[in-house]
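Scroll down for the structure; my scribbles are underneath it.
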Amino acid sequence: MKLIAGLGNPGPRYAETRHNVGYDVADELARRWRCDLSRFDRDFEGLVGEAQVGTERVLLLKPLTFMNLSGRSVAAVCRFYRLPPTEVLVVHDDLDLPVGQLRLRASGSAGGQKGLADILRHFGTQEVARLRIGIGKALRAPASDFVLSRFLPDERPVIDATVALAAEAAEAWVRRGIATAMNEFNRRRDEERGSSPAGGASEGESS
């Protein structure tokens with residue numbers, strides 16, 4: 001069994017904001033896998049769905065704890081199903097990447113993403129795979145306001161395509177593992193952007 005946790009904030013006030021792209025990817029996976037992700041689980045403090053992907057049973061989770069307390073929800077699921085952190089993929093927004101850029105990593109620090117930081121704190125390890133989705137950097141507004149803003153009209157098609165690509169990357173993680181998924185998707189995005197594959201696993205980005 002594996003767990004994919006898409007991070008965000010609950011409620012219509014936060015729908016389609018930059019901070020909620022993790023939710024958007026979870027919703028896209030639920031659509032592709034014909035999985036009901038509308039069931040609220042009180043013990044897990046989140047919306048939970050389940051799918052069969054090839055031979056793998058996969059849980060989808062959207063924590064409803066608000067972003068900064070995401071670890072409480074993710075850890076509760078892992079305790080119940082006795083899932084180790086190595087079987088978890090966290091999908092979240094990233095201020096340090098341009099809009100539409102993806103980066104898969106096998107481990108590392110939270111890099112300032114407070115939802116991921118809370119998950120790492122609950123697990124007591126940085127060995128948690130994550131799929132980072134670029135939302136652009138705040139240039140004029142404080143970061144806390146910027147992440148809660150919505151994408152500009154010219155950014156929307158880019159982020160829609162990125163959510164679809166991120167769903168492909170998450171499925172690749174399920175089917176083929178983190179190293180193969182990193183090589184395939186970090187490299188693909190770099191090549192599309194005409195840059196070197198700086199994020200490919202082949203260059204040692206394991207953390």
Side-chain angles (χ1 to χ4, degrees), residues 3-33 35-40 44-49 60-74 89-105 109-120 129-171 173 185-186 188-190 192-193 195 199:
L3 169 66
I4 297 175
L7 305 191
N9 287 312
R13 175 182 176 186
Y14 301 104
E16 299 184 351
T17 61
R18 295 171 193 267
H19 224 13
N20 274 30
V21 290
Y23 272 12
D24 295 340
V25 174
D27 288 336
E28 174 63 15
L29 287 168
R31 186 189 67 79
R32 290 177 181 222
W33 295 340
C35 163
D36 180 7
L37 190 52
S38 63
R39 179 176 65 85
F40 174 68
F44 300 154
E45 299 185 82
L47 300 178
V48 182
L60 286 176
L61 173 68
K62 291 167 66 177
L64 299 185
T65 50
F66 286 93
M67 178 66 80
N68 295 1
L69 299 176
S70 298
R72 208 166 65 194
S73 175
V74 174
L89 175 68
V90 179
V91 185
H92 65 83
D93 61 296
D94 195 310
L95 276 168
D96 291 327
L97 294 177
V99 172
Q101 186 164 341
L102 298 182
R103 190 66 77 210
L104 269 164
R105 302 185 76 182
S109 71
Q113 217 287 350
K114 293 182 179 178
L116 179 61
D118 195 52
I119 292 168
L120 301 182
R130 72 289 310 263
L131 175 55
R132 302 158 53 201
I133 300 175
I135 61 169
K137 188 175 284 294
L139 298 178
R140 299 181 181 87
S144 56
D145 292 337
F146 181 73
V147 297
L148 297 180
S149 68
R150 289 180 168 78
F151 292 98
L152 300 173
D154 63 330
E155 294 174 326
R156 193 69 245 179
V158 176
I159 205 65
D160 287 345
T162 302
V163 166
L165 187 63
E168 288 183 38
E171 182 163 338
W173 171 79
F185 285 88
N186 292 351
R188 182 195 297 190
R189 206 49 160 175
D190 287 328
E192 287 175 359
R193 289 173 176 274
S195 60

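Computation of the quantities below employed the complete heavy-atom set of this structure, encompassing side-chain atoms and omitting hydrogens, waters and symmetry-equivalent molecules. Along the sequence shown, residues carry numbers from 1. All figures in this text were calculated on a predicted structure; none of them were measured in a lab.
Here the closest heavy-atom approach between residue Asp27 and residue Lys62 is recorded as OD1-NZ, 2.9 Å. Considering all non-hydrogen atoms of both residues, Ala170 and Leu29 come closest at CB-CD1, 3.9 Å. Residue Leu60 comes nearest to Cys35 through the heavy atom pair CD1-SG, 4.1 Å, listed as atom of the first residue, atom of the second, then distance. Considering every non-hydrogen atom in both Phe146 and Gly136, the closest pair reads CE2-O, 3.2 Å. When every heavy atom of Arg72 is checked against every heavy atom of Asp118, the shortest pair comes out as N-OD2, 3.7 Å.
Checking Thr162, Val91, Leu165 one by one against Val25, the side-chain contact (heavy atoms from CB on, under 4.5 Å) holds for a single residue, Val91. Checking Leu3, Val90, Leu116 one by one against Val74, the side-chain contact (heavy atoms from CB on, under 4.5 Å) holds for a single residue, Leu3.
The structure places CG of Leu64 at 6.0 Å from CZ of Phe40, a figure rounded to the nearest 0.5 Å. Put simply, CG on Asn9 and CG on Asn20 are 5.5 Å apart, with the number rounded to the nearest 0.5 Å. Annotation: the span from His92 atom NE2 to Leu131 atom CG amounts to 8.0 Å, rounded to 0.5 Å. Summarising the geometry, atom CD belonging to Glu168 is positioned 5.0 Å from atom CZ belonging to Phe185; distances are rounded to the nearest 0.5 Å. Distance CG/Leu95 to NE2/His19: 8.0 Å, rounded to 0.5 Å. Interatomic distance, CD of Glu28 versus CG of Leu37, reported as 12.0 Å (0.5 Å rounding).
With hydrogens and angles disregarded, a donor-acceptor distance shorter than 3.5 Å links the side chain of Asn186 to the backbone of Leu104. The main-chain N or O of Ser70 is never found under 3.5 Å from a side-chain atom of Ser73 such that the two would form a donor-acceptor pair. At least one donor-acceptor pair under 3.5 Å links the side chain of Arg150 to the backbone N or O of Ala15.
When side chains are defined from C-beta on, Tyr14 counts as touching Thr17, because their heavy atoms get closer than 4.5 Å.
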Given side chain to side chain contact (heavy atoms under 4.5 Å, CB included), test Thr65 with Glu45 step by step and report yes or no.
CA-CA 6 Å; Thr65 50; Glu45 299 185 82; 3.7 Å; yes

Step by step, work out the side chain to side chain contact (heavy atoms under 4.5 Å, CB included) result for Lys114 and Val147.
CA-CA 12 Å; Lys114 293 182 179 178; Val147 297; over 6 Å; no

Side chain to side chain contact (heavy atoms under 4.5 Å, CB included) between Leu47 and Tyr23: does it pass, once the steps are laid out?
CA-CA 10 Å; Leu47 300 178; Tyr23 272 12; over 6 Å; no

For the pair Leu102 and Ile133, evaluate side chain to side chain contact (heavy atoms under 4.5 Å, CB included) and give the outcome as yes or no after the intermediate values.
CA-CA 5 Å; Leu102 298 182; Ile133 300 175; 3.8 Å; yes

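Between Arg132 and Asp96 there is no salt bridge, since no side-chain nitrogen of the basic residue lies less than 4.0 Å from a carboxylate oxygen of the acidic one. Taking 4.0 Å as the cut-off between side-chain N and carboxylate O, Asp160 and Arg156 count as a salt-bridged pair.
No side-chain donor-acceptor contact under 3.5 Å links Asp94 and Gln113.
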